[in-house]
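Each remark here refers to the structure printed beneath this line.
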Amino acid sequence: MLRVGINGYGTIGKRVADAVRAQPDMAVHGVGKRSADYVAIGAAEKGYDLYVTDQASVDDFREVGIEPAGTVDALVAESDVVIDATPAGVGADNRPLYERHETPAVFQGGEDATIAEVSFNARANYDEAEDAEYVRVVSCNTTGLSRFLAPLQEHYGVEKARVTLVRRGGDPNQTGRGPINDAVPDPVSIPSHHGPDVQTVFPALDIDTIGLKVPTTMMHVHAINVTLETEPADETQVRDLLQGEDRLLTIPEYSDIDGAGTLKDFALDAGRPRGDIWENCLWEESITLRGRDLYCMQAIHQESDVVPENIDALRALTGHLTASESRSITNETLGISFGRLRDRKDLTADRQTAD
Ligand SMILES: NC(=O)c1ccc[n+]([C@@H]2O[C@H](COP(=O)([O-])OP(=O)(O)OC[C@H]3O[C@@H](n4cnc5c(N)ncnc54)[C@H](OP(=O)(O)O)[C@@H]3O)[C@@H](O)[C@H]2O)c1
């Protein structure tokens, strides 16, 4: 059993902790937390050992009935590997701590790419992490784009990708973030940082990205145009290719899922924890081919799409399973399959054939 320490138990950290707990080959050794707030109480109620970032805050935790198991320094020393899910930039400050204890670590997309030897996506470059000590799971948007581009690159080649990212203003718990009633070019300069970030996974890829921010907490939405190197036979061929990807959910027309709001509602109805959607959500009707130009739109759940990637990164880093073995265990244990959306269609088709 791999003992995993999770330093930072916020939006990403708490989800990764639950995902680690669901795996047969790893266990949560403890979680690092700074403030004794409702999230800390939730972690204690789930049975996670809490390690405090600062010895001086131990009394704050005791006041809410939590006895810390130690400091983050001890968490790092006792763990086989650490997931750093602290806020963007704090991970870089933490790296010397991981080095001191010779504990490999998985950083998040808020860190600069230089923090780790590999910018990681389980679909695109799992094997590159094999000899690494430190990897960075790329951001939610870069994860979504990497998953989408990998099969296209393999089957047709990508001459040029152009993506407009309509990004959520903040996560549901980020009450101080905006915009409140606006649509803001962010950044106003082109390309946005997302294109270069995708190139940390696909160094030779020609990609330009444009970013905006809008007042929603639901999901990001990407409007994509990819010029392929070779022309697919038809749209169906591309659709079948994308539908064959385990972490790409194609949304059929009959489902009436018309936006991020209905997607989240669907995820909650399906009993997904926290309404999480680990897959890219690609509107099937939007998949359009004009010669070598492919167009489509996808939604990305920023709070959760990187969670399975963190689990696969742990296995890639410790080198005990292949990419496909790891991905299939992760998918199965988390329940990454909205298969019933597609199954319904197959069922209907079967019934019609029988009639
Ligand atoms: N949120 C997203 O949509 C998203 C998506 C993909 C990737 N990411 C990336 O994932 C990383 C984590 O983001 P997040 O949204 O999960 O952050 P978050 O919700 O703010 O959680 C950060 C966690 O780290 C703890 N922390 C804060 N300051 C710390 C410090 N100085 N030292 C140690 N721990 C500290 C926080 O504890 P307290 O709460 O007690 O302060 C909290 O538990 C970032 O790199 C981010 O860019 C985020």
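In listed order, ligands and their atoms are each counted from 1.
Taking any N or O of Glu303, backbone or side chain, none lies under 3.5 Å from an N or O belonging to ligand 1. Looking at ligand 1, you won't find any N or O of Glu111 less than 3.5 Å from one of its N or O atoms. Annotation: Ser35 places an N or O atom under 3.5 Å from an N or O atom of ligand 1; distance criterion only. An N or O contact shorter than 3.5 Å links Gly110 to ligand 1 by distance. For the pair Tyr9 and ligand 1, the shortest N or O to N or O distance falls below 3.5 Å. The shortest N/O to N/O separation between Ser139 and ligand 1 does not fall below 3.5 Å. Ligand 1 has an N or O atom lying under 3.5 Å from an N or O atom of Arg34, backbone or side chain. For Ile12, a nitrogen or oxygen atom sits less than 3.5 Å from a nitrogen or oxygen atom of ligand 1, counting backbone and side chain alike.
The contact set between ligand 1 and Thr53, taken as ligand atoms under 4.0 Å from a residue heavy atom, comprises 32 (N), 33 (C), 34 (N). Applying the 4.0 Å criterion to heavy atoms of Ala85 picks out, from ligand 1, the atoms 12 (C), 22 (C), 23 (C), 24 (O).
Using a 4.0 Å cut-off between charged side-chain N and carboxylate O, Glu117 and Arg136 make no salt bridge.
Cation-pi check for Arg315 over Tyr126 is not met; the charged atom does not lie both under 6.0 angstrom from the ring centroid and within 45 degrees of its normal. Taking the ring centre of Phe107 as origin, the terminal cationic atom of Arg95 falls outside the region bounded by 6.0 Å and 45° from the ring axis.
The single protein non-hydrogen atom nearest to atom 2 (C) of ligand 1 is Asp171 OD2, 3.4 Å, given as residue, atom name and distance. Of the protein's heavy atoms, Arg168 NH2, 3.0 Å lies nearest to atom 3 (O) of ligand 1. Among all non-hydrogen protein atoms, the one lying nearest atom 21 (O) of ligand 1 is Gly10 CA, 3.3 Å. For atom 6 (C) of ligand 1, the closest heavy atom belonging to the protein is Cys140 N, 3.7 Å. Here the protein heavy atom with the shortest distance to atom 39 (O) of ligand 1 is Lys33 NZ, 3.0 Å.
No continuous path of ILVMFWY side-chain contacts below 4.5 Å connects Ile207 to Val166, so the two sit in separate hydrophobic clusters.
Within 6.0 Å of CD in Glu102 there are 12 or fewer heavy atoms belonging to other residues, nucleotides or ligands. Residue Asn181 places its CG atom among 12 or fewer non-hydrogen atoms of other residues, nucleotides or ligands, all under 6.0 Å distant. With a 6.0 Å radius and a threshold of 12 heavy atoms from other residues, nucleotides or ligands, Glu332 has its CD atom at or below the threshold. Other residues, nucleotides and ligands place more than 12 heavy atoms under 6.0 Å from the CD atom of Glu154.
Side-chain contact between Leu50 and Tyr9 is absent, with no heavy-atom pair separated by less than 4.5 Å.
Looking at Val90, Val307, Val306, it is Val90 that brings a heavy atom closest to atom 31 (N) of ligand 1. Taking each of Gly8, Pro87, Gly91 in turn, the one with a heavy atom nearest to atom 27 (C) of ligand 1 proves to be Pro87. With atom 9 (C) of ligand 1 as the reference point, the heavy atom nearest to it among Gln108, Gln174, Gln302 is part of Gln108.
Contact annotation for atom 36 (C) of ligand 1: protein absent (non-hydrogen atoms, distance under 4.0 Å).
Checked against the 6.0 Å centroid criterion, the rings of Tyr51 and Phe61 do not qualify as a close aromatic pair.
When heavy-atom distances to ligand 1 are checked against a 4.0 Å cut-off, Thr86 comes that close through both its backbone and its side chain. Contacts with ligand 1 closer than 4.0 Å are made by heavy atoms of both the backbone and the side chain of Thr11.
In terms of heavy-atom proximity, Ile224 sits nearest to Phe148 at CG2-CE2, 3.7 Å.
Note on ligand 1: Ala88 sits in its first shell, one or more heavy atoms being nearer than 4.0 Å.
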Report task. Could you go through the salt bridge (charged side-chain N to carboxylate O under 4.0 Å, His left out) check for Glu67 and Arg62 one step at a time? Result -> CA-CA 5 Å; Glu67 184 58 41; Arg62 285 183 178 147; 2.9 Å; yes

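A side chain to side chain donor-acceptor pair (under 3.5 Å) with Glu309 is found for one member of Arg247, Arg327, Gln108 and no other, namely Arg247.
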